[in-house]
Amino acid sequence: MISSFFGKTKPINNIVLASFLFLFYFSNVFFQLGDQKINQVIPLELMLFAVLLISVFITNQIVRTEKATESNSYAMLFFVLLIVSFSHELVLQNVLFANFFLLLAFWRILSIKSTKNVKHKIFDASLLIAIASLFYDWALAFMLLVFFVIGVYDRRTFKNWLVPFLGVATIFMLTFTVLKLKGSLDFFEDHYQFSLGLFTSKSFFQVLNIKTLIYLILTILVSIVVFIRLRNVSGGKLLLLRIVFLIFILGTGIILFTPADASPVLLTFFPAAVFFTNYFEAMKKRRLQEAVMVGFVVLACSLFAVHLN
């Protein structure tokens with residue numbers, strides 16, 4: 001029932017997922033209030049929820065327009081279920097904003113495959129990644145993705161290699177101007193710390209908790225299976241999925257550089273949702289699909305309940 005319902009792209013799917021996310025998001029807010037009053041936090045939480053919900057819809061638009069999956073709503077569903085599973089991530093407000101701008105950057109990067117307006121797309125992606133880094137410093141690591149895509153699609157045009165620097169410089173110059181006027185130039189030194197959690201922590205599990213470790217391993221295994229199934233497929237989808245996998249690898253690297261209690265797992269949800277969807281679509285038996293989907297929903301809700309307790 002769940003798999004068949006989300007196997008289509010209808011407005012009702014968006015409404016159901018938005019309602020589902022709203023329920024879990026504000027349940028989490030309510031149980032995490034502590035001594036605060038609801039009217040003190042509701043304006044900020046509404047804005048954060050809006051950012052999160054738009055991120056879900058952006059994910060759906062990316063996979064549809066770039067044909068990363070078939071025409072269905074599974075990517076949105078998996079994205080939402082991952083949010084529910086890692087609801088403790090919602091306290092990292094800066095990561096929510098950074099992820100929003102990174103999703104827009106990924107969209108521009110993946111659209112480069114059409115080889116039209118390449119310089120504009122490179123500039124936009126670099127600009128958006130720089131904005132994301134203003135919220136979360138390690139977001140700058142995704143500039144590696146921009147250079148990788150340039151090398152794949154249009155390496156012979158020398159100007160393409162210069163455009164990312166122009167995009168980043170534009171944001172930093174604008175930010176510098178604003179901070180200069182406000183007298184807050186110490187922002188750059190205070191913000192861009194680039195912590196090295198894996199190399200400074202005494203224990204591996206100070207960087208990565210068990211739940212995150214299992215999630216990352218599962219996503220890698222699913223990705224390998226998807227690549228094996230698509231190894232004989234011609235066309236651009238395999239290359240597109242390789243770029244998506246690089247997004248996941250960069251996100252995983254950032255997680256390893258961050259303490260477990262501030263780990264930006266959210267940055268890996270988009271690529272994970274893409275690979276989970278491709279794996280799910282390859283299942284031929286409807287009953288198996290339904291069992292897997294029900295299991296995923298139950299697991300997500302169980303992890304959410306454990307978090308509240």
Side-chain angles (χ1 to χ4, degrees), residues 1-31 49-90 99 103 211-212 214-226 229-230 237 241 244 248 265-266 268-309:
M1 181 178 177
I2 299 176
S3 60
S4 58
F5 179 79
F6 289 101
K8 303 172 184 178
T9 55
K10 293 183 177 181
I12 187 64
N13 295 359
N14 297 348
I15 296 172
V16 169
L17 283 176
S19 303
F20 183 75
L21 184 61
F22 181 89
L23 174 65
F24 278 92
Y25 184 89
F26 284 98
S27 295
N28 183 67
V29 170
F30 179 78
F31 281 101
F49 173 75
V51 169
L52 199 59
L53 183 61
I54 294 171
S55 298
V56 173
F57 293 149
I58 290 174
T59 296
N60 185 51
Q61 286 300 113
I62 294 173
V63 299
R64 288 179 62 185
T65 57
E66 306 308 324
K67 295 180 172 55
T69 66
E70 295 175 9
S71 181
N72 52 58
S73 302
Y74 294 142
M76 267 201 310
L77 176 59
F78 281 119
F79 194 94
V80 169
L81 291 177
L82 286 169
I83 292 171
V84 173
S85 301
F86 290 87
S87 52
H88 61 277
E89 284 279 303
L90 301 178
N99 184 66
L103 282 173
K211 181 168 70 172
T212 304
I214 293 173
Y215 156 70
L216 294 176
I217 292 174
L218 176 63
T219 305
I220 291 172
L221 292 175
V222 168
S223 303
I224 291 172
V225 173
V226 169
R229 286 175 174 172
L230 294 176
K237 185 172 182 178
L241 288 179
V244 173
F248 177 77
V265 184
L266 180 64
T268 64
F269 287 178
F270 165 68
V274 171
F275 280 105
F276 287 160
T277 300
N278 276 274
Y279 180 83
F280 189 76
E281 288 170 346
M283 294 181 180
K284 302 301 182 183
K285 297 180 179 179
R286 179 64 65 180
R287 289 185 179 179
L288 179 60
Q289 277 190 330
E290 191 65 29
V292 170
M293 187 59 74
V294 170
F296 209 115
V297 172
V298 170
L299 177 61
C301 294
S302 300
L303 290 172
F304 180 76
V306 170
H307 166 66
L308 293 182
N309 293 329

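In this chain, numbering begins with 1 at the start of the sequence shown.
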- Hey, could you give me the CD/CG distance between Gln61 and Leu103, rounded to the nearest 0.5 Å? 12.5 Å

- Query: Going by heavy atoms in the side chains, are Phe296 and Phe280 under 4.5 Å from each other?
  - Reply: no

- If you take all heavy atoms of Ile2 and Glu290, which pair is closest and at what distance? N-OE2, 2.9 Å

- Item | side chain to side chain contact (heavy atoms under 4.5 Å, CB included) between Leu21 and Val56, intermediate numbers included | CA-CA 10 Å; Leu21 184 61; Val56 173; 4.1 Å; yes

- Query: Of the non-hydrogen atoms in Asn72 and Phe6, which two are nearest, and what is the gap between them?
  - Reply: CB-O, 3.6 Å

- Glu70 side chain to Glu281 backbone, donor-acceptor under 3.5 Å: no

- Start with the C-alpha gap between Ile224 and Phe275, add the side-chain angles, then the distance that decides, and say whether side chain to side chain contact (heavy atoms under 4.5 Å, CB included) holds. CA-CA 9 Å; Ile224 291 172; Phe275 280 105; over 6 Å; no

- Verify, without hydrogens or angle tests, whether Glu89 (side chain) and Val265 (backbone) share a donor-acceptor contact under 3.5 angstrom. yes

- Sequence-distant partners of Phe304, ring-ring contact (aromatic ring centres under 6.0 Å, His included), two or more places apart: Phe24

- Task: Would you mind reporting whether Lys211 and His88 have side-chain heavy atoms less than 4.5 Å apart?
- Result: yes

- Query: Is there a side chain to side chain contact (heavy atoms under 4.5 Å, CB included) between Val84 and Phe20 once you walk through the steps?
  - Reply: CA-CA 10 Å; Val84 173; Phe20 183 75; 3.9 Å; yes

- Look up atom CD1 in Ile15 and atom CD1 in Ile12, then write down how far apart they are to the nearest 0.5 Å. 4.5 Å

- Task: With ring pair (Phe, Tyr, Trp, His ring centres under 6.0 Å) as the test, would you mind laying out the steps for Tyr215 and Phe86 before giving the verdict?
- Result: CA-CA 10 Å; Tyr215 156 70; Phe86 290 87; 5.2 Å; yes

- Write out all pairs satisfying side chain to side chain donor-acceptor pair (under 3.5 Å) with one or both partners inside residues 74-87, taking only residues at least two apart or from two chains. none

- Query: Got Val16 and Phe5 here, is their nearest side-chain heavy-atom distance under 4.5 Å?
  - Reply: yes

- Message: A side-chain contact here means heavy atoms from C-beta on lying under 4.5 Å apart; do Leu53 and Phe22 qualify?
- Response: no

- With rounding to the nearest 0.5 Å, note down the distance linking CZ in Phe79 to OG in Ser55. 5.5 Å

- Message: Quick one, Ser19 and Leu23 - any side-chain contact, counting heavy atoms below 4.5 Å?
- Response: no

- From Asn99 atom CG to Ile58 atom CD1, the distance as rounded to the nearest 0.5 Å: 9.0 Å

- Item | Minimal non-hydrogen separation, Thr69 against Lys237, with atom names | CA-NZ, 4.3 Å

- Query: Asn13 and Ser73: which non-hydrogen atoms are nearest, and at how many Å?
  - Reply: ND2-OG, 3.0 Å

- Message: What I'd like to find out is whether the side chain of Phe276 reaches to under 4.5 Å of the side chain of Thr219, using heavy atoms alone.
- Response: yes

- Heavy atoms only: give me the nearest Asn278-Val226 pair and the separation to one decimal. CB-CG1, 3.9 Å

- Task: If the plane angle is over 60° it's perpendicular, under 30° parallel, otherwise tilted; pick one for Phe26 and Phe49.
- Result: tilted

- State, yes or no, whether a side-chain contact exists between Leu17 and Asn60 at a heavy-atom distance under 4.5 Å. no

- From CA spacing to verdict: side chain to side chain contact (heavy atoms under 4.5 Å, CB included), Phe269, Thr59: CA-CA 10 Å; Phe269 287 178; Thr59 296; over 6 Å; no

- Does a side-chain heavy-atom distance below 4.5 Å link Ile83 with Leu90? yes

- Shortest non-hydrogen separation from Ala68 to Leu241 and the atoms involved: O-CD2, 4.2 Å

